[in-house]
Amino acid sequence: MKKIIIMGAGGHGQVVADALLQMEKATPVAFVDESRELHGKELMGIPVPGGNAEINKIEHDGIVIALGNNELRRRIFSELKQAGENLFTVIHPRAIIAPDVTIGDGCMILAGAVINTQAEIKDNTIINTNSTIEHHNVIGPHAHIAPGATLGGEVTVEEEAMVGIGATVLPRTVIGSQAVLGGGSTAIKDLPDGSTAAGVPARIK
Ligand SMILES: CC(C)(COP(=O)(O)OP(=O)(O)OC[C@H]1O[C@@H](n2cnc3c(N)ncnc32)[C@H](O)[C@@H]1OP(=O)(O)O)[C@@H](O)C(=O)NCCC(=O)NCCS
């Protein structure tokens, strides 16, 4: 059983913990979180001994960075990699993933997500609850597909981009790096790098 530390004990961290608790070959051994009020407590039966400084004191085989902020998650990912840590990918047993999908390090694939044939999920990417990643998508690294989002075939979501809750991306559309597509919005054409777009159809803000 691989022993995994979850960085971040907030709502997203607890959803990741739930998925990890259901995995057969890995188990959460601790949360680390900078919120002092959590230190010394337990959440979901998992101890929160302290902040990131505790990592070296906890016996572990891997870490998952359960932080929703893409930029912060990217930064911590590269720091941990440089320190020689193994970034563990959490996959909820009730996600449906085609056998030829490739998934990088440190990803979080949550309950009800569907990832179809020949998609590529790059490092440190969140594929959140009940989202649909159609065939031949390329997502990430450090991206976030929020709950219930639906991505058509051959969509690309570049580095650190975020597709909001319940959003739709039409087939072959590119969501540029660090772009944000608003919740419930529909991207019908490519979004430039760093842009924020919302509405149906999505318009750049
Ligand atoms: C798109 C978004 C990033 C914009 O945030 P913001 O820059 O703070 O924008 P504001 O809330 O100031 O709204 C600006 C305008 O955009 C509109 N707008 C904001 N979000 C919208 C959305 N999702 N769909 C349609 N219109 C939206 C607002 O009504 C407002 O319109 P107005 O100028 O006519 O009054 C944000 O609203 C959003 O949808 N975030 C996604 C959150 C999410 O899915 N998180 C995942 C959690 S797991």
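Both counts, for ligands and for their atoms, begin at 1 and track the order of listing.
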Quiz item: Under the 4.0 Å line, does any protein heavy atom show up next to atom 32 (P) of ligand 1?
Solution: no
Self-check item: Hydrophobic cluster identity match, Leu80 and Ile5, side-chain contacts under 4.5 Å
Solution: yes
Quiz prompt | Protein contact for atom 41 (C) of ligand 1 (heavy atom, distance under 4.0 Å) | solution = yes
Quiz prompt | Atom indices of ligand 1 within 4.0 angstrom of Gly182 heavy atoms, with elements | solution = 1 (C), 23 (N), 38 (C), 39 (O)
Self-check item: atom 44 (O) of ligand 1 - nearest protein heavy atom and its distance
Solution: Ile165 N, 2.7 Å
Quiz item: How about Ile65 and Leu87: do any of their side-chain heavy atoms sit closer than 4.5 Å?
Solution: yes
Self-check item: Asp190 side-chain N/O to Val174 backbone N/O, donor-acceptor pair under 3.5 Å
Solution: yes
Quiz item: Just to confirm, does any protein heavy atom lie below 4.0 Å from atom 8 (O) of ligand 1?
Solution: no
Quiz prompt | Closest protein heavy atom (residue, atom, distance) for atom 25 (C) of ligand 1 | solution = Gly199 N, 3.6 Å
Self-check item: 4.0 Å heavy-atom contact, Gly184 with ligand 1
Solution: no
Practice problem: Starting from atom 48 (S) of ligand 1, find the nearest protein heavy-atom neighbour and note its residue, name and distance. | Solution: Pro147 CD, 3.6 Å
Quiz item: Considering only heavy atoms, does His12 approach ligand 1 within less than 4.0 Å through its side chain, its backbone, both, or neither?
Solution: neither
Quiz item: With no hydrogens and no angle check, do the side chains of Asn128 and His144 hold a donor and an acceptor under 3.5 Å apart?
Solution: yes
Quiz item: So which of His144, Arg203, Met162, Lys205 gets nearest to atom 16 (O) of ligand 1, if we judge by its closest heavy atom?
Solution: Lys205
Practice problem: Taking atom types as modelled, find out whether Asp18 and Gln22 have a side-chain donor-acceptor pair closer than 3.5 angstrom. | Solution: yes
Self-check item: Protein residue, atom and distance nearest to atom 4 (C) of ligand 1, heavy-atom basis
Solution: Thr196 CG2, 4.4 Å
Quiz item: Which residue from Gly148, Ser185, Gly11 reaches closest to atom 24 (N) of ligand 1 through any of its heavy atoms?
Solution: Ser185
Quiz item: With atoms numbered from 1 as shown, which atoms in ligand 1 lie under 4.0 angstrom from a non-hydrogen atom of Gly183?
Solution: 22 (C), 23 (N), 24 (N), 38 (C), 39 (O), 41 (C)
Exercise. Answer yes if the side chains of His142 and Asn124 hold a donor-acceptor pair under 3.5 Å, and no otherwise.
Key: yes
Self-check item: Leu110 and Ile127, any side-chain heavy atoms less than 4.5 Å apart
Solution: no
Quiz item: Is any heavy atom of the protein nearer than 4.0 Å to atom 27 (C) of ligand 1?
Solution: yes
Quiz item: Among protein heavy atoms, which sits nearest to atom 46 (C) of ligand 1, and what does the distance come to when rounded to 0.1 Å?
Solution: Ala146 CB, 3.7 Å
Quiz prompt | Of the listed options Ala198, Ala202, Gly164, closest to atom 21 (C) of ligand 1 (non-hydrogen atoms) | solution = Ala198
Quiz item: So, Lys81 and Glu85, do they make that salt bridge, N to O below 4.0 Å?
Solution: no
Quiz item: Cut-off 3.5 Å, side chains only: do Gln118 and His136 have a donor facing an acceptor?
Solution: yes
Practice problem: Indicate whether any N or O donor in one side chain lies under 3.5 Å from an N or O acceptor in the other, for Thr117 and Asp100. | Solution: yes
